[in-house]
There are 4 protein chains.
Amino acid sequence: MKTATRPGAEAEAHRVTRPRADALRNRERIVSAAREMFVEYGPEAPLDEIARRASIGNATLYRHFPDRSTLLVEVVRSVMSRTAEAAERADAEESDPFAALCRFVHEAADERIGALCTLLCGHFEPHREDLEVERIRLTQIVDAMMERARLAGRLREDVAQGDLMVALAQLSRPLPGTGCMNIDRFTHRHLQLFMDGLEAPARSALPGRSATLEDLRRATP
Amino acid sequence: MKTATRPGAEAEAHRVTRPRADALRNRERIVSAAREMFVEYGPEAPLDEIARRASIGNATLYRHFPDRSTLLVEVVRSVMSRTAEAAERADAEESDPFAALCRFVHEAADERIGALCTLLCGHFEPHREDLEVERIRLTQIVDAMMERARLAGRLREDVAQGDLMVALAQLSRPLPGTGCMNIDRFTHRHLQLFMDGLEAPARSALPGRSATLEDLRRATP
Amino acid sequence: MKTATRPGAEAEAHRVTRPRADALRNRERIVSAAREMFVEYGPEAPLDEIARRASIGNATLYRHFPDRSTLLVEVVRSVMSRTAEAAERADAEESDPFAALCRFVHEAADERIGALCTLLCGHFEPHREDLEVERIRLTQIVDAMMERARLAGRLREDVAQGDLMVALAQLSRPLPGTGCMNIDRFTHRHLQLFMDGLEAPARSALPGRSATLEDLRRATP
Amino acid sequence: MKTATRPGAEAEAHRVTRPRADALRNRERIVSAAREMFVEYGPEAPLDEIARRASIGNATLYRHFPDRSTLLVEVVRSVMSRTAEAAERADAEESDPFAALCRFVHEAADERIGALCTLLCGHFEPHREDLEVERIRLTQIVDAMMERARLAGRLREDVAQGDLMVALAQLSRPLPGTGCMNIDRFTHRHLQLFMDGLEAPARSALPGRSATLEDLRRATP
DNA sequence: TATGAATGAGGGTTCATTCAT
DNA sequence: TATGAATGAACCCTCATTCAT
């Protein structure tokens with residue numbers, strides 16, 4: 001009772017949780033700064049500069065993310081999560097399943113999924129638990145969307161998810177070199193041309209086998 | 001006359017060029033090693049490692065190429081030159097102009113033009129003389145091929161050279177990370193899908209403006 | 001009041017400055033080692049060796065002084081500051097203004113101002129703020145001392161500050177080559193002979209124009 | 001007989017000695033270029049650049065001078081030789097022995113004896129035969145000139161050759177930093193002031209002992 | 001816990017010197 | 001003999017990571 005009536009009690013209770021709130025806020029700032037830096041400078045971006053952009057000390061970054069891989073994973077995970085959400089929204093809201101795929105692709109490009117997912121390749125051990133959750137979620141919704149489009153006769157038969165996802169990643173990557181963000185101007189054009197190529201009926205026979213994301217992973221040593 | 005009859009004259013003339021022959025051999029080995037390294041690790045590949053792969057001392061690399069830019073230019077120039085040759089062959093030998101474009105695109109991918117031309121972006125001053133020669137040569141033949149395909153009603157009207165070249169570069173880039181050369185397995189599939197999207201009649205309206213290579217150059221700060 | 005009564009407040013305040021105390025100690029050791037090395041080997045002395053003498057890692061040196069210029073400036077600034085103090089003391093304590101000049105010259109030589117001020121020539125952009133403060137301070141006190149000596153008829157009329165300062169710098173420089181610190185044995189003799197030449201009445205007509213320190217600066221490209 | 005009458009015989013004989021003439025010419029060009037470079041950039045001047053200025057291959061420099069020391073010695077020796085000649089001329093032509101000293105000092109400064117003789121300190125083993133010859137020659141003529149001036153009551157009694165030679169070297173050295181050749185503007189003023197201080201009667205008591213060149217040499221480890 | 005500071009390892013580049021023609 | 005080319009060692013500087021407060 002006394003605490004309930006004493007003025008400032010709530011503030012005190014707050015004070016108990018505040019440090020954790022601060023830590024979470026720091027963590028968010030780090031991930032946000034890291035996303036910007038990785039997109040702009042690639043996966044080798046200086047960690048000190050990421051810390052500086054997040055307005056925290058460099059050692060604090062290491063407390064939250066003991067190595068570069070951990071930070072990369074978290075950045076990619078968060079982007080994957082938002083991308084999966086975009087896919088789910090597109091799937092739910094578009095009546096034409098091929099239009100849903102197109103919408104998803106363009107929205108994913110805006111999320112820089114290209115810049116970031118490709119970071120995964122070769123930069124850390126593949127099977128982090130938390131990342132797998134989002135990867136599977138994304139894989140499943142994209143698979144479902146493609147299957148629906150295929151059944152509707154809107155998507156050519158000879159393509160698999162890896163075809164879509166790798167091309168999406170590549171076409172939305174920034175051009176190499178610092179600050180070449182200008183790829184944005186062209187990405188959506190190229191993605192649209194690619195989607196036109198995916199549309200049924202197929203206009204050509206494709207060489208090789210269709211790829212899954214698992215193929216890509218395995219292909220990486 | 002006198003030199004022709006004097007014994008050893010030929011040997012002397014030889015002696016003038018022979019040392020250069022050794023140096024040229026070294027130069028070739030450097031360019032070749034650099035091409036591999038740049039494709040695999042990007043334009044920031046350690047020059048010392050390039051020298052090691054070429055089995056020469058590190059300072060020798062600097063004798064031939066005083067800075068990284070010069071080496072990058074030479075690597076890109078040689079690839080551009082071979083790619084232009086491929087384009088000219090395809091243009092000459094294929095009766096269907098769209099088939100010629102397709103053949104060129106796949107051959108260019110095998111030359112790793114994607115990996116290498118994108119190196120240009122932001123990594124050195126744009127207008128080196130020798131590079132420009134090859135760039136113009138390549139630009140002109142590709143423009144000619146696209147124009148022919150367009151006139152034949154085989155290429156959609158709303159695309160320009162930059163659309164083709166940038167997508168070609170992006171789709172044939174190796175995935176980031178060491179040794180991810182396995183993109184080759186998928187590149188030709190993705191390129192074919194993209195070419196299907198380029199084929200007339202257009203299946204969609206494209207967003208934005210068509211890009212030229214000049215646009216890309218200007219977009220880079 | 002509140003901080004005074006709160007236990008640990010002083011300790012906390014201390015904690016804010018204590019790390020800086022360690023860093024300052026390192027900084028002092030760097031400047032001291034740099035002074036020795038610059039005097040002994042000139043302004044091109046290896047920075048790694050300076051770090052080694054200061055018993056710190058090489059990168060620590062760069063944390064404190066991002067480039068060679070910054071370190072040079074700090075070394076020279078501190079010596080200029082001590083030299084200006086010596087001049088002010090001599091000016092205040094000696095009744096004969098020419099004796100004050102002589103005392104200043106010998107004390108400045110002991111500060112190695114010769115070795116160090118000459119480092120300025122051509123090794124960094126001339127107008128660093130903090131350095132200018134000390135340079136002006138030194139210039140003004142020496143000008144004042146010379147003017148007083150001139151008015152007292154003790155200093156010949158045809159000399160200016162640059163004549164004194166450049167000769168002081170040159171005569172007190174260490175001889176080139178490692179460890180030739182033994183110039184000290186002779187510097188004071190030579191300086192005294194030079195001062196005898198400065199004394200009024202003039203024993204000869206001087207060639208050229210009298211130099212100011214500004215002349216020297218401008219003379220450097 | 002037959003060779004005497006055959007046309008071109010003399011030319012042939014010439015041809016035997018011509019290579020040596022070429023070699024000597026090369027040697028002269030190297031020494032000359034080295035003198036310029038050492039004066040301008042100090043004793044660490046790049047040997048490759050010296051070779052380039054002499055318009056010869058770098059390896060040719062090594063054929064003539066197997067190491068930097070040998071080249072330094074030769075440069076200094078030639079300057080010492082010319083300086084000794086200047087001393088001998090001044091001694092022969094000036095009636096006032098102190099005026100002879102003054103003339104010698106200024107001429108020696110123009111020979112850059114300061115820049116070059118100080119190169120000796122610490123940069124090579126002290127007792128090269130050919131160098132000693134010139135050093136002794138120079139020492140003896142300067143000693144003789146000083147003795148004559150002393151006897152004539154024109155030079156103060158408490159100075160020795162080292163006092164003159166070291167101060168001469170120091171005052172005529174270029175200021176540190178590349179290309180600071182502008183010391184010339186002031187050198188002759190400072191030397192004149194120093195000579196005024198050397199003139200009898202002495203205006204002060206000198207600290208320390210008078211130095212000989214031998215003292216300097218021994219002082220160097 | 002958060003931080004500024006320290007550090008070692010590695011890459012880029014220059015230069016003295018050696019080698020092969 | 002004279003030369004261009006090759007080389008390794010040394011230096012400068014950056015950055016990921018650890019330490020001490």
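Numbered from 1 within each chain, the chains take letters A, B, ... in sequence-line order.
In this structure the side chain of D/R53 never reaches within 4.5 angstrom of the side chain of D/S32, judged on heavy atoms. B/F38 has its side chain within reach of B/R68: a pair of non-hydrogen atoms, C-beta onward, lies under 4.5 Å apart.
Rounded to whole angstrom, the span from the CG atom of A/D67 across to the P atom of F/dT17 amounts to 7 Å. We find that CG of B/L47 is positioned 6 Å from P of E/dT13, with the value rounded to whole Å. In this entry the distance linking CZ of C/R29 with P of E/dT7 reads 9 Å, nearest Å.
Shown are B/L72, B/L71, B/V75; of these, the side chain to side chain contact (heavy atoms under 4.5 Å, CB included) with B/F65 is made only by B/L71. For the pairing with D/R35, the side chain to side chain contact (heavy atoms under 4.5 Å, CB included) check across D/V79, D/I50, D/V76 returns one residue only, D/V79.
Side-chain nitrogen and oxygen atoms of C/T60 include none within less than 4.0 Å of the OP1 or OP2 phosphate oxygen of E/dA5.
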* **For DNA chain E, the dot-bracket pattern of Watson-Crick and G-U pairs whose distances stay under 3.5 Å, | for other-strand partners** => .||||||||||||||||||||

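With the nearest nucleotide of DNA chain F identified for both A/A45 and C/N58, C/N58 has the one nearer the 5' end. Along DNA chain F, the nucleotide nearest to D/H64 and the one nearest to A/R63 differ in position, and the one closer to the 5' end is contacted by D/H64.
Residue B/Y62 has its side chain nearest to E/dT13 when only E/dG11, F/dT17, E/dT13 are considered. The D/R68 side chain lies nearest to E/dA16 when the options are E/dA16, F/dC15, F/dT7. Checking F/dA6, E/dC15, F/dT18 against the side-chain heavy atoms of B/N26 singles out F/dA6 as nearest. Ranking E/dG12, F/dT17, F/dG4 by closeness to the D/A59 side chain, first place goes to F/dG4.
In terms of the side-chain hydrogen bond (donor to acceptor under 3.5 Å, both in side chains) criterion, D/R29 has no residue partners (sequence neighbours excluded). Every residue two or more places apart in sequence or in another chain that forms a side-chain hydrogen bond (donor to acceptor under 3.5 Å, both in side chains) with C/R77 is listed here: C/E74. Remark: D/R52 engages D/E49 in a side-chain hydrogen bond (donor to acceptor under 3.5 Å, both in side chains) (not counting sequence neighbours). With sequence neighbours excluded, no residue satisfies side chain to side chain contact (heavy atoms under 4.5 Å, CB included) with D/E28.
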* Asked: Going through the checks in order, is the side chain to side chain contact (heavy atoms under 4.5 Å, CB included) test met by B/N58 and B/L47?
  -> CA-CA 8 Å; B/N58 57 354; B/L47 296 187; over 6 Å; no

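DNA chain F is contacted by no residue of residues 49-56 of chain C, taking any non-hydrogen atom closer than 4.0 Å.
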